[in-house]
Amino acid sequence: MTDTALALADLDFDRYDHVRPIRWTGEALELLDQRVLPFTVVHESCRSSDEVAAAIRALVVRGAPAIGIAAAWGVVLAARALPADHATDAAAASALLEPALQHLNAARPTAVNLMWALARMRRVLATAGADWRAALEREAQAIEREDLAANRRMGALGAALIAPGSGVLTHCNTGSLATAGFGTALGVIRAGVAAGRVARVFATETRPWNQGARLTVWELGQDGIDATLIADSAAAHLMKTGQVQWVVVGADRICANGDTANKIGTYPLAIAARHHGLKVMVVAPSSTVDMATASGDRIEIEERDPAELLSFRGKRVVAEGVRAWNPVFDVTPHALIDAIVTERGVVERPDAGRMRALFG
Ligand SMILES: CSC[C@H]1O[C@H](OP(=O)(O)O)[C@H](O)[C@@H]1O
């Protein structure tokens, strides 16, 4: 039974939301450039859907929910770029905007939140009246608002699973930087710390892009939450010491049977956790659940430029002529996951039947 007494009634959410990756100004989409955090805080201003697609592709904005939100605003920018007299109704606009939506959709292949957000914007175009431009803006605002509410609820639900005095290991960045705020797995950690259940936080560096080393420990530090950084390769050794009881991670796509695609390195963490008797919690909003994909072997795993492995901040760190392979996600089988926490509820020991019971 999941205790929702951790409904965070007394949690000061503003204390936990210092960074916001996305800000709509009414004219442009301001994106916190995560490529240069934590030492440089600079925003990239996107004034077209193509600029948003390029920013998603380049990881200016990253994190499954955040790229869905950014893409939704990209559709708003594309609509604003249509000459006022050019598309008089939603049907005409839908046809004219489709190339922009397809370009946004192609920015990154693994996080289903991107496709989910664009499908919501298409539904608006298919049903809106003469005020379709305003309807698109309202939908992008709703997607962002719903994500923040989902993260706060998941924080409560996930923290309730963690016994007081526990240690938690997290991977990649799943915080305010990857969402509309508060975070998914980091939201559970924030709630767990606030509720006195999480006593120790460890974060992996998360090679090669170092989301953990550059983003997670910085983001938690903004909240005054003490986190210990470890090398990815130290995770199993840490588990052996008994300092952690949970591995808590996010997701980019959760399949109909509970198989979960997440940042590369999640799969070996789950294997090591099972070997050492730790539990694995996946935390993601229902916008990350893809019931149309039966199992993890059908997920397209993004492979990025090998230069992300061969160089660091533009400086080559490997001898010339060396080849690299750079898949940036892997799939954790549902059998290695103890709980999938969503805003609709918790699926414990996920399998196809238990996923269907919650997601239909
Ligand atoms: C709540 S973020 C979910 C997910 O997205 C991250 O990937 P990336 O940094 O490449 O966008 C990572 O896999 C997180 O767990």
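Residues: numbered from 1 along the sequence shown. Just so you know, ligand 1 is whichever comes first in the structure, and atom 1 is the first atom listed for that ligand.
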**Student:** Looking only at distances, can you tell me whether any N or O atom of Asp252, backbone or side chain, sits closer than 3.5 Å to an N or O atom of ligand 1?
**Tutor:** yes
**Student:** Do Ile67 and Ile69 sit in the same hydrophobic cluster, where Ile, Leu, Val, Met, Phe, Trp and Tyr count as joined when their side-chain heavy atoms come under 4.5 Å apart?
**Tutor:** yes
**Student:** Out of Gln34, Arg62, Lys263, whose heavy atom sits nearest atom 10 (O) of ligand 1?
**Tutor:** Lys263
**Student:** Record the part of Gln211 in heavy-atom contact with ligand 1 below 4.0 Å; permitted values are side chain, backbone, both and neither.
**Tutor:** side chain
**Student:** Asn113 and Ser287: side-chain donor and acceptor closer than 3.5 Å?
**Tutor:** yes
**Student:** Thr174 versus ligand 1: do any nitrogen or oxygen atoms come within less than 3.5 Å of each other?
**Tutor:** no
**Student:** Taking atom types as modelled, find out whether Arg214 and Asn173 have a side-chain donor-acceptor pair closer than 3.5 angstrom.
**Tutor:** no
**Student:** Looking only at distance, does Ala178 have an N or O less than 3.5 Å from an N or O of ligand 1?
**Tutor:** no
**Student:** Need the ligand 1 atom indices (1-based, order shown) with element for anything under 4.0 Å from a heavy-atom of Thr184.
**Tutor:** 1 (C)
**Student:** Taking 4.0 angstrom as the limit and counting only heavy atoms of Ala64, give me the atoms of ligand 1 inside it, by number and element.
**Tutor:** 2 (S), 3 (C), 5 (O)
**Student:** Under 4.0 Å, counting heavy atoms only: does Val328 come that close to any atom of ligand 1?
**Tutor:** no
**Student:** Could a heavy atom of Trp209 be found less than 4.0 Å from some atom of ligand 1?
**Tutor:** no
**Student:** Would you tell me whether Ser295 and Asp297 have side-chain atoms, one donor and one acceptor, within less than 3.5 Å of each other?
**Tutor:** yes
**Student:** For the residue pair Glu144 and Trp24, confirm or rule out a side-chain donor-acceptor distance under 3.5 Å.
**Tutor:** no
**Student:** Taking only heavy atoms of Cys172, which atoms of ligand 1 are found under 4.0 Å from at least one of them?
**Tutor:** 6 (C), 9 (O), 12 (C)
**Student:** Please could you name the atoms of ligand 1 that Phe329 approaches to less than 4.0 Å, counting only its heavy atoms?
**Tutor:** 7 (O), 10 (O), 13 (O)
**Student:** Geometry only, no angles: is Asn262 polar-contacting ligand 1 at N/O separations under 3.5 Å?
**Tutor:** yes
**Student:** Taking all non-hydrogen atoms of both residues into account, name the closest pair between Asp259 and Gly296 and its distance.
**Tutor:** OD2-N, 2.9 Å
**Student:** Has Ala251 got any heavy atom lying under 4.0 angstrom from an atom of ligand 1?
**Tutor:** yes
**Student:** Looking at Pro65, which atoms of ligand 1 are within less than 4.0 Å of one of its heavy atoms?
**Tutor:** 1 (C), 2 (S)
**Student:** Considering residues, nucleotides and ligands other than Tyr267, do more than 12 of their heavy atoms fall under 6.0 Å from its OH?
**Tutor:** no
**Student:** Could you establish whether Val249 and ligand 1 come within less than 4.0 Å of each other, counting only heavy atoms on the residue side?
**Tutor:** no
**Student:** Between the side chains of Asp131 and Arg138, is the shortest nitrogen-to-carboxylate-oxygen separation below 4.0 Å, so that they form an ion pair?
**Tutor:** yes
**Student:** Determine, using the 4.5 Å side-chain heavy-atom cutoff (strictly less than), whether Val198 and Val341 are members of one ILVMFWY cluster.
**Tutor:** yes
**Student:** At less than 4.0 angstrom from any non-hydrogen atom of Arg108, what atoms of ligand 1 do you find?
**Tutor:** 8 (P), 10 (O), 11 (O)
**Student:** Answer yes if Ile264 and Leu269 sit in the same cluster of Ile, Leu, Val, Met, Phe, Trp and Tyr residues linked by side chain heavy atoms under 4.5 Å apart, and no otherwise.
**Tutor:** no
**Student:** Assess Glu302 for proximity to ligand 1: is some non-hydrogen atom of it under 4.0 Å away?
**Tutor:** no
**Student:** Counting only heavy atoms not in Arg316, do more than 12 sit closer than 6.0 Å to its CZ atom?
**Tutor:** yes
